[in-house]
Amino acid sequence: MTREELKHRVDEAIERHADEIVALGEAIRRHPELGFKELRTSALVETKFRQLGLAPRTGLAITGVRADADGGAGPGPTFALVGELDALVVAGHPEADRSTGAVHACGHNAQIAGLVGAAIGLVRARAMDRLAGRVVFMAVPAEEGGDLEWRLDEVRAGRLEFLGGKCELLRLGHLDDVDLAMMIHTTPRPEDGLTCVPGSNNGRFGKTARFVGRAAHAGGAPHMGVNALYAAQLALAATNALRETFRDEDTIRVHPILTHGGSQVNVIPGEARLETYVRGRTLEGIRDANAKVDRALKAGALALGASVEIETLPGYLPLRSDRTMTRVFRQNADTLFGPGACREAGHRAGSTDMGDLSQVIPVLHPYMGGARGTGHAADYEIIDPHLAYVMPARAMAAMVVDLLWDGASGAREVIAKALPGMTRQDYVEFQRSVRRREVFQGDA
Ligand SMILES: [Zn+2]
Ligand SMILES: [Zn+2]
């Protein structure tokens, strides 16, 4: 059998199970769960893996699920296919969960359908018998940020240290034996076409700021108070004024939200809380903007004579796409969608913890269509279930065949040509070094 014949068999197996794959994507869409709380979704993935005769490990970084399939054609590298389990909160989305507000407005349900679909194709077509090395099917928690106060409580309770799923999996060693990895993210953007590969993505730090003033009677004695809300408001205005100092090439994004602005209208707010990300294309750019944002936060506290407690948190590292994997993906996209179908998406200003993985091992993070509207917005929806749920399965399974065929020569080439990265230990130490707590007394 040739490599192309094997790919064809895998493709046929996936298409035979297309209804099941679409049904899985839709089932997850109807039960969205927030990061590190994806219990129902991960149980569903576990069930699917068991039905394929795989032996999944569960509860990895709280909700992650990993199943391995060894190649029968000799030793070789370990290639992980990744799918993200979590949803996010988007106000006003018609499908938002009534109690949690969660909704799949980033299409991660399609990633899980694609991941399980790839496993179905490779297992049902007995492809691993003819491939070397190992494939890992990995459902990962919590790619989306947010829910920061809950996550920080989990950190204080010792159940988390970093705030993203892949960051935690790296820290805990669940990816120690993985040599290369890929996932496919759904895109609703018409300019992305059927599929595209980004050159890079922004990285980010997280940040919380707690302004402490002094409560007082808002009618009878406001002069006795120190208004923490106004301190926060000035900090937001100062942050906005900084935007003209950000260089275009750093693609800085700072987008704070006010999470607490007072407790009762007849009381001068004694406490106000903000959280934000500071994103940028490079770590130098992020660090520069991060120092400016700290200054803006302190300026708000200083003006009112309040204090501010600033916590800088490890976020995600910039994503770099592996060139060899990109080349192989483009060839598969030509076959799946027609010549030249895969577009070049350049730099993207969002961030992903696939970026963290990309600093340690070669990684690919393409996008594929099937959705409409705006990511993270109330109008986001899947409109082409076959494209969104089934085609990523076929594309990822084809990558497995290509890279693990012929003694895994393709995967070996990827590893040999990859840019030198951090070791896992370097990575964990770097993330720990980002974390910093500072208290600024504006009345001193
Ligand atoms: Zn997202
Ligand atoms: Zn996403």
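In each ligand, atom 1 is the first atom listed, and ligand 1 is the first ligand listed.
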Q: Provide the closest heavy-atom pair for Glu38 versus Pro141 in the form atom of the first, atom of the second, distance.
A: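 So the minimum-distance heavy-atom pair works out to OE2-CA, 3.2 Å.
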
Q: To the nearest 0.5 Å, what is the distance between CG on Asp294 and CZ on Arg436?
A: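 Spacing of CG (Asp294) from CZ (Arg436) equals 6.5 Å.
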
Q: Have a look at His185 and say which of its N, O or S atoms is nearest the Zn ion (ligand 2).
A: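 Nearest N/O/S atom of His185: NE2.
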
Q: Taking the side chain as C-beta and beyond, is there a heavy-atom pair between Leu274 and Phe211 under 4.5 Å?
A: yes

Q: From the N, O or S atoms in Glu144, identify the one nearest to the Zn ion (ligand 1).
A: OE2

Q: Of the options Arg348, Arg343, His185, which is the one that meets Asp192 in a side-chain hydrogen bond (donor to acceptor under 3.5 Å, both in side chains)?
A: Arg348

Q: Vertex the Zn ion (ligand 2): angle to NE2 of His108 and SG of Cys106, to 10°?
A: 100°

